[in-house]
Amino acid sequence: METRHLKAAVILTGIISLVAIVSAFYTQWRAEQTLTPKCSYLDPILVDLLAFSAGLFLVLEGLYRIIEHQEIKTTKDRLFLAIRIAFGCAIITLHVMQFIHK
């Protein structure tokens with residue numbers, strides 16, 4: 001991948017992932033403030049570990065595809081990879097926050 005394509009893909013991914021992390025954090029934080037029973041915190045720790053692993057897989061697999069596959073030049077393809085990584089970041093953020101309360 002040309003360096004400008006790689007740079008554009010990394011910038012796009014970073015921006016979308018940051019938005020996903022902030023959105024997930026804010027949503028979870030607001031839920032903690034308004035809900036009396038913290039139902040998600042009663043789930044077994046295995047649920048958080050499995051979700052964290054799935055989120056980490058999405059992030060690492062997406063980053064691998066950005067770096068390894070040099071033919072990704074269209075904005076549409078870069079956008080789908082960025083969204084995949086952003087979902088992984090959001091999953092990781094939510095389950096780390098839930099894990100902290102256990």
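Along the sequence shown, residues are numbered consecutively beginning with 1. Predicted, not measured: the structure shown is a model, and the values here were computed from it.
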Asker: Do Leu81 and Leu63 share a hydrophobic cluster, counting only Ile, Leu, Val, Met, Phe, Trp and Tyr and linking them when any side-chain heavy atoms are less than 4.5 Å apart?
Answerer: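 Same hydrophobic cluster.
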Asker: Is any side-chain heavy atom of Lys7 closer than 4.5 Å to one of Val10?
Answerer: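 SC-SC contact between Val10 and Lys7 ruled out.
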Asker: Is Leu12 linked to Val22 within one hydrophobic cluster, defined over Ile, Leu, Val, Met, Phe, Trp and Tyr using a side-chain heavy-atom separation of less than 4.5 Å?
Answerer: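 No; Val22 is not reachable from Leu12 via cluster members.
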Asker: Work out which heavy atom in Trp29 is nearest to a heavy atom in Met97; give both atom names and the distance.
Answerer: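 In terms of heavy atoms, the two residues are closest at N-CE, 4.0 Å.
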Asker: With hydrophobic residues grouped by side-chain heavy-atom distances under 4.5 Å, do Leu56 and Val96 end up in a single group?
Answerer: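 Yes; tracing contacts between hydrophobic side chains, which count when under 4.5 Å, links both residues.
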Asker: Could you check if a side-chain atom of Ile91 sits within less than 4.5 angstrom of a side-chain atom of Phe52, using non-hydrogen atoms only?
Answerer: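 The answer is no, as the side chains (C-beta and beyond) never meet within the 4.5 Å cut-off.
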Asker: Is there a side-chain contact between Val59 and Ile92 (heavy atoms, below 4.5 Å)?
Answerer: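 Val59 reaches Ile92 side chain to side chain.
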Asker: What are the two closest heavy atoms between Leu58 and Ile85, and how far apart are they?
Answerer: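 So the two residues come closest at O-CG1, 4.1 Å.
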Asker: To the closest 0.5 Å, what do you measure between CZ (Phe25) and CZ (Arg30)?
Answerer: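 Here the interatomic distance stands at 12.5 Å.
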Asker: What heavy-atom pair brings Ile21 and Cys89 nearest, and what distance separates the two atoms?
Answerer: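 Smallest heavy-atom distance, with atoms named: CG1-CB, 3.6 Å.
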Asker: To the closest 0.5 Å, what do you measure between CZ (Arg65) and CZ (Arg78)?
Answerer: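 Here the rounded value is 15.0 Å.
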Asker: Is any side-chain heavy atom of Ile66 closer than 4.5 Å to a side-chain heavy atom of Thr13?
Answerer: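 Counting from C-beta outward, Ile66 and Thr13 do come under 4.5 Å.
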Asker: Rounded to the nearest 0.5 Å, how far apart are NE2 of His95 and OG of Ser53?
Answerer: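 Atom-to-atom, His95:NE2 and Ser53:OG are 10.5 Å apart.
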Asker: Answer yes if Leu18 and Ile83 sit in the same cluster of Ile, Leu, Val, Met, Phe, Trp and Tyr residues linked by side chain heavy atoms under 4.5 Å apart, and no otherwise.
Answerer: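 Different clusters.
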Asker: Quick check: closest heavy atoms across Ala20 and Ala86, and the distance to 0.1 Å?
Answerer: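 In this case the closest contact between Ala20 and Ala86 is CB-O, 3.4 Å.
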